[in-house]
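Down below is the structure, laid out as structure tokens.
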Amino acid sequence: MASYKAPTRDMDFVLNEIINVGSLTEIEKFADATADIVAGVLDEAAKQIDNTIGVLNESGDAEGAQLNNGEVTVPTGFKEAYKAYAESGWIGLDKDVEFDGQGLPYALATAVTDMLSGANAAFSLYPGLSNGAYEALRAHGSQEQKEKYMSHLSQGDWSGTMCLTEPGAGSDLGQVRTKAEPQDDGSYLIEGNKIFITAGEHDMTDNILHLVLARTPGAPEGIRGISMFIAPKFLINEDGSLGERNAVECASIEEKMGIHGSCTCVLNFNGAKAHLVGELNKGIQNMFVMMNSARLMVGLQGLGVAERATQNAITYAKERKQGRPLTRKAESSFDSDTIIVHPDVRRMLLNMKALTEGCRMMAYDTAKHVDLSEHHPDEAVRASSKARVDLMTPVCKAFTTDAGVEVTSMGIQVYGGHGFITENGMEQNMRDSKIFCLYEGTNGIQAMDLIGRKLSMANGQLPRDFFAEVKAELASASDEVAFIAEPLSVALADLEEVTNWLVESKAANPNDSAASAVDYLQAFGLVSLGYYWLRAAKVSAAKDGVFYQGKLATARFFATKLLPKVHGLVPVILAGGDCVMEPAEELIV
Ligand SMILES: Cc1cc2nc3c(=O)[nH]c(=O)nc-3n(C[C@H](O)[C@H](O)[C@H](O)COP(=O)(O)OP(=O)(O)OC[C@H]3O[C@@H](n4cnc5c(N)ncnc54)[C@H](O)[C@@H]3O)c2cc1C
């Protein structure tokens with residue numbers, strides 16, 4: 001059986017020594033986020049999550065969510081654990097004080113989501129979707145809607161959903177066909193069929209708020225004619241109490257590869273009463289607020305499960321005895337050694353650590369930029385942090401979740417055949433982690449977002465600013481960290497070269513850049529992790545102790561074995577799309 005312990009030492013390192021979360025206390029809103037509070041949150045959240053939610057990971061997977069007569073029951077123990085989690089204030093940690101949240105930084109809430117995802121990825125989706133709904137209402141809801149719904153979402157007695165996908169509308173939301181018919185009282189009636197809706201129906205909260213994309217009569221075709229509506233499971237009376245059940249029915253739940261504890265629902269809206277959120281026909285733009293926050297959250301899910309796989313693989317490699325080190329004389333003893341003596345096993349463990357801990361630094365730093373972009377008093381800081389979040393969101397989502405699948409696969413490999421056996425818990429990690437590459441925009445769509453929008457926004461300022469930051473970090477690197485600074489400067493030069501080519505080729509032949517988008521995002525992610533590992537190496541070189549020596553060893557592995565992969569990606573990216581697009585469809589059989 002696999003286990004999980006929230007990696008609070010590493011979280012503390014990233015929060016305090018890499019991103020300096022304490023600097024946020026200079027912003028009035030975050031004055032309370034002192035070092036003591038940060039330490040207290042990490043400790044208390046870890047205790048509760050490890051002891052009450054992590055223990056349900058494997059039973060939740062085996063039992064799954066069940067549908068009976070339109071009602072979904074979550075796995076045994078989820079309801080009680082969710083109630084305790086919500087009542088402890090973890091859902092409201094970063095929510096606004098005026099809506100019953102604690103007003104702490106999103107960067108700190110990011111650490112809690114990281115641990116929740118590692119403890120139990122399926123469980124993490126329930127508060128996760130509520131978070132997206134909260135953000136969408138915060139950005140686009142009317143004052144009345146905010147007052148009506150947001151406190152419930154931050155306290156967790158109500159949950160949220162995101163109802164976008166339909167049978168004919170997946171990546172292409174312009175195909176949404178669900179209708180919203182206006183009524184005389186200003187409300188709308190929603191008719192349509194949504195599929196794959198996470199937490200669309202369940203018994204954990206008193207009410208569920210569905211944020212739904214739909215079209216009003218005569219709305220323009222495509223994404224310009226889509227609006228966002230809110231349709232609660234139970235209608236809400238004037239006095240705030242819950243009224244009759246709305247016409248939203250859970251027709252079925254999906255059987256799926258992983259995250260079995262999370263229900264994935266087919267929802268039929270049969271004339272469900274709803275209200276417009278934000279402006280008419282601006283639904284896609286509004287939903288983007290929710291999707292960006294959800295994309296960062298999905299990156300954290302990939303990170304959490306990767307951490308879980310890494311912890312178990314390291315423990316196993318120190319216990320499992322097979323074979324002898326190549327350097328040991330055969331005649332000295334015929335006893336086996338633990339498998340951690342083997343170079344290939346060490347390669348996998350260090351690979352897992354380098355990706356997981358590197359992605360943690362990238363995720364938490366991006367989260368800090370979310371805080372700065374929203375709350376820093378200086379407009380210029382807000383703007384530059386917003387640009388950074390825009391640039392890094394597809395990278396955090398896609399690079400981390402691809403890494404999650406790679407790391408969980410390596411976790412199985414470290415266990416050998418025992419990794420393939422269900423009771424050891426490693427195959428669940430891999431099954432759970434694949435979905436993170438698919439929802440909230442597939443990783444292919446994230447790569448298109450990076451090359452299509454983010455590279456060219458503000459005339460290419462976003463990547464230029466990031467590259468300048470990496471160069472500044474390189475410029476102040478001492479000889480002690482030359483082992484990573486040198487390969488990083490080579491990788492950065494490679495990345496700049498392919499970035500320029502992509503921007504130019506996009507105008508000349510969009511198929512060239514599109515065919516290279518996923519490889520480009522991979523290169524971008526590796527350079528980003530190189531930047532964070534350089535920062536980690538600088539901090540660690542100045543400190544003593546096993547923890548910091550371990551960091552230096554992992555940084556060295558990353559610099560030597562992973563970062564040079566960027567150079568190999570250069571010709572792959574520059575090759576463009578001819579070999580992909582030239583074969584006629586009949587040749588791809
Ligand atoms: C478990 C689970 C939970 C989910 N939860 C939710 C939820 O809560 N709410 C919700 O609304 N949806 C949810 N989804 C739906 C999910 O977001 C979609 O499955 C996803 O957006 C992809 O859409 P699709 O499955 O229709 O794939 P398609 O859009 O058909 O894509 C198929 C392939 O084509 C590629 N592709 C498509 N268009 C392009 C393009 N323009 N350029 C390049 N490549 C392209 C994709 O990358 C992919 O590889 C969930 C799905 C699952 C499986």
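Every heavy atom of this structure was used, including side-chain atoms; hydrogens, water molecules and symmetry mates were not. Read the numbers this way: they start at 1 and go in the same order the structure lists the ligands and their atoms. Note that the structure is predicted; figures quoted are calculated from it, not measured.
Between R138 and E135, at least one side-chain N (NZ, or NE/NH1/NH2) sits under 4.0 Å from a carboxylate O, which counts as a salt bridge. E249 and K194 are not joined by a salt bridge, as no carboxylate oxygen comes within less than 4.0 angstrom of a charged side-chain nitrogen.
Taking only nitrogen or oxygen atoms, main chain and side chain alike, Y439 does not reach within less than 3.5 Å of ligand 1. Annotation: M162 places an N or O atom under 3.5 Å from an N or O atom of ligand 1; distance criterion only. Here's the thing with T264: none of its N/O atoms is less than 3.5 angstrom from an N/O atom of ligand 1.
Protein heavy atom nearest atom 30 (O) of ligand 1, with residue, atom name and distance: S171 OG, 5.0 Å. In terms of protein heavy atoms, atom 22 (C) of ligand 1 is closest to T442 CG2, 3.9 Å. At the shortest separation from atom 26 (O) of ligand 1 among protein heavy atoms lies G170 CA, 3.2 Å. The closest protein non-hydrogen atom to atom 40 (C) of ligand 1 is I445 CD1, 3.7 Å. Looking at atom 25 (O) of ligand 1, its nearest protein heavy atom turns out to be F196 CE1, 4.2 Å.
Protein heavy atoms come within 4.0 Å of atom 17 (O) of ligand 1. For atom 46 (C) of ligand 1, the protein comes within 4.0 Å by at least one heavy atom. At a distance under 4.0 Å, a protein heavy atom can be found next to atom 12 (N) of ligand 1. Within a 4.0 Å radius of atom 33 (C) of ligand 1, the protein contributes no heavy atom. Atom 7 (C) of ligand 1 lies below 4.0 Å from at least one non-hydrogen atom of the protein. Put simply, atom 49 (O) of ligand 1 has no protein non-hydrogen atoms near it, under 4.0 Å away.
D432 places no side-chain N or O within 3.5 Å of a backbone atom of G258 that could act as its donor or acceptor partner. With hydrogens and angles disregarded, no donor-acceptor distance shorter than 3.5 Å links the side chain of R360 to the backbone of L303.
Residue contacts with ligand 1, taken as heavy atom pairs separated by less than 4.0 Å, involve L164 via backbone and side-chain atoms alike. At a 4.0 Å heavy-atom cut-off, ligand 1 touches L438 through the backbone alone. The parts of T198 lying near ligand 1 are both backbone and side chain, judged by heavy-atom distances below 4.0 Å. Only the backbone of E440 comes within 4.0 Å of ligand 1, judged by heavy-atom distances.
Residues V580 and A515 approach most closely at CG2-CB, 4.2 Å, considering heavy atoms.
Inspection of the D96 and Y134 side chains reveals an N or O donor paired with an N or O acceptor under 3.5 Å. Using modelled atom types, one finds a donor on one side chain and an acceptor on the other under 3.5 Å when comparing D100 with S151. Counting only N and O atoms by type, the side chains of Y439 and Q301 include a donor and acceptor under 3.5 Å apart.
A 4.5 Å side-chain heavy-atom check between T205 and Y126 finds every atom pair outside the cut-off.
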Side-chain donor-acceptor pairs under 3.5 Å in residues 293-300, sequence neighbours left out?
residue	atom	partner	partner atom	Å
R295	NE	E440	O	2.8
R295	NH2	E440	O	3.4

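Partner F436 forms a side chain to side chain contact (heavy atoms under 4.5 Å, CB included) with one of V305, V405, N443 and no other, that one being V305.
Residue T165 holds the heavy atom nearest to atom 10 (C) of ligand 1 of all those in T165, I435, D449.
Other residues, nucleotides and ligands contribute at most 12 non-hydrogen atoms within 6.0 Å of the CE atom of M581.
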